[in-house]
Amino acid sequence: MNNNLSNIKKSKYFLDKHNCIGMPTETVYGLAANAYSSKAISKIFKLKKRPKNNPLIVHYSSLEMLKRDCILNENFTKLYNKFCPGPLTFILKLKKDSKISKFVTNKKKTLAVRFPSHPKAKGLLKILNYPLAAPSANISSRVSPVTRNHVKEEFGKKIKYIIEGGLSKIGLESTIINLTGKPEILRIGSIDINKLSKALKKKLLYRKKTYMKVPGQNRLHYSPGIPLRMNCKEASKDEAFILMKKRNNSNKNFFYLSKNKNLKEAARNLYSVLRMIKKKGYKKIAVEKIENKGIGLAINDRLQKASKKNK
Ligand code: AMP
Ligand code: MG
């Protein structure tokens, strides 16, 4: 039996027994559990200290299995064909006879679903006869993990197993699109909204107002646990300074997201850099202005939430 296979079989063993495991995906690492088991889902909420009214995203590997739980529609099919598997989450109507635990949705009649493309996540989902609910594997409101070690830092021995899957390729959470009515973007991610509009042949807008109505999004989120300010030209000496491009006059409080303003690279490094700064004992963070285009929109969105004052 090759090593990868045994990792996946080990994960199945723990998941079948209603436990949570750490699962790599191309966006961030997830804390995964059987979406049909209320016992398993309660463990996710408890481990993450996640408010019960914040519904979870459920991960599938096949349309056949999704059809047991959700009502599909034309818009879904168009986007599924173009973007799946990948970093796109759909809100769909839940079927009345679905087996999804009511804790996943907080008794809502809709479900958030995704088809991850990470080979380890795909391999695991394929051998299970249930889908996996998997929010980011971090204590609620904090920075998402993008390596196996980050997940270990969050939960230590409280979880039985974490699959090794390398650094998450994208490094930011999925785009969320509501398809239960007129399509609307609820959270921006790495996918260009114009490409989604093109596939649907409809202009999609991203309105912060709608976003704020979504459960779980209207609070401090993605936070490194220390104050953060954005669009800074300079930083004080005791402040960690996050930059988009290497500077000649580098200082020990400078942290680089990219060698030369590459936004994808910056997105991939963002959460690791935030964690490193916290570990080094800094008490505050300044971030240089980040271009508001492409995945830069999603980076700025996360930084904005991270810079909110905790109530
Ligand atoms: P995460 O915090 O990355 O696990 O993202 C989950 C987010 O997806 C939640 O905070 C909600 O904003 C959104 N979400 C999940 N399920 C639903 C749903 N049924 N309807 C609307 N939004 C949802
Ligand atoms: Mg999260």
Side-chain angles (χ1 to χ4, degrees), residues 20 22-33 35 41 43-45 47-60 66 69-71 73 76 87-95 98 100-114 116 121 131-146 150-151 154-155 168 170-191 206-225 267 270-271 274-275 298 301-303 305-306 308:
C20 300
M23 174 175 80
T25 85
E26 68 279 19
T27 58
V28 301
Y29 274 63
L31 183 65
I41 298 305
K43 287 185 186 169
I44 292 186
F45 281 94
L47 278 163
K48 275 183 64 83
K49 303 194 178 94
R50 183 172 171 113
K52 293 202 168 57
N53 67 355
N54 188 358
L56 306 177
I57 298 175
V58 177
H59 297 67
Y60 290 83
L66 178 67
D69 297 324
C70 290
I71 302 165
N73 58 47
F76 167 80
L88 183 59
T89 296
F90 309 95
I91 310 291
L92 295 172
K93 286 186 180 149
L94 198 59
K95 274 191 168 169
S98 148
I100 294 288
S101 156
K102 61 181 188 301
F103 296 139
V104 167
T105 57
N106 189 35
K107 295 183 194 151
K108 272 170 156 309
K109 294 190 168 57
T110 57
L111 184 67
V113 304
R114 183 161 98 82
L132 292 174
S136 53
N138 54 278
I139 307 293
S140 208
S141 92
R142 298 298 193 204
V143 171
S144 298
V146 291
H150 293 165
V151 183
E154 293 285 334
F155 298 113
S168 292
I170 296 171
L172 293 180
E173 301 75 6
S174 60
T175 303
I176 305 181
I177 183 164
N178 184 357
L179 296 178
T180 57
K182 196 171 155 229
E184 54 178 355
I185 304 287
L186 301 183
R187 174 171 78 189
I188 44 176
S190 62
I191 301 178
Y206 168 60
R207 282 173 310 193
K208 285 229 164 94
K209 249 193 189 159
T210 333
Y211 183 62
M212 298 312 273
K213 280 192 292 189
V214 178
Q217 298 291 354
N218 188 13
R219 58 167 68 91
L220 179 84
H221 210 156
Y222 317 115
S223 164
L270 178 67
Y271 291 152
L274 290 175
R275 277 175 189 268
D301 168 87
R302 305 306 190 267
L303 288 174
K305 298 201 154 268
K308 273 193 168 188

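Whatever order the structure lists them in is the order used to number ligands and atoms, beginning at 1.
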Atoms in ligand 1 with a heavy atom of Thr110 nearer than 4.0 Å: 18 (C), 19 (N), 20 (N)
Mode of Asn178 contact toward ligand 1 - side chain, backbone, both, neither (heavy atoms, under 4.0 Å): neither
Ligand-residue contact atoms, ligand 1 with Pro55, heavy atoms, under 4.0 Å: 6 (C), 9 (C), 14 (N), 15 (C), 16 (N), 17 (C), 23 (C)
Side-chain donor-acceptor pair present, Ser144, Glu173, cut-off under 3.5 Å: yes
Per-atom contacts, ligand 1 versus Pro135 - under 4.0 Å to a heavy atom: 4 (O)
Which atom of Ile44 lies closest to which atom of Ala33, heavy atoms considered: CD1-CB, 3.7 Å
Ligand 1-proximal atoms of Ile176, by part, heavy-atom distance under 4.0 Å: side chain
Polar side chain donor-acceptor pair, Ser174 to Thr89, under 3.5 angstrom: yes
Metal proximity, Ser136 vs the Mg ion (ligand 2), N/O/S cut-off 2.8 Å: yes
Sub-4.0 Å heavy-atom contact, Thr105 with ligand 1: no
Arg187 side, atom CZ; Lys305 side, atom NZ - distance, nearest 0.5 Å: 10.0 Å
Ligand 1 to Glu173 polar contact by distance, N or O atoms, under 3.5 Å: no
Selection from Val104, Thr89, Leu31, Asn54 by shortest heavy-atom distance to atom 10 (O) of ligand 1: Asn54
Whether Phe76 and Phe90 hold their rings parallel, tilted or perpendicular, with breakpoints at 30° and 60°: perpendicular
Region of Lys93 engaging ligand 1 - heavy atom pairs below 4.0 Å: neither
Steps toward side chain to side chain contact (heavy atoms under 4.5 Å, CB included) verdict (Leu94, Lys108): CA-CA 8 Å; Leu94 198 59; Lys108 272 170 156 309; over 6 Å; no
Closest non-hydrogen atom pair, Tyr271 against Val146: CD1-CG1, 4.2 Å
Short N or O distance, Arg187 and ligand 1, threshold 3.5 Å exclusive: yes
Within-cut-off N or O pair, Lys108 and ligand 1, under 3.5 Å: no
Ligand 1 contact on Ile91 by region, counting heavy-atom pairs under 4.0 Å: side chain
Distance-only side-chain donor-acceptor flag, Arg142 / Asn138, under 3.5 Å: no
Over 12 non-hydrogen atoms of neighbours within 6.0 angstrom of NZ in Lys43: yes
Per-atom contacts, ligand 1 versus Ile57 - under 4.0 Å to a heavy atom: 5 (O), 6 (C)
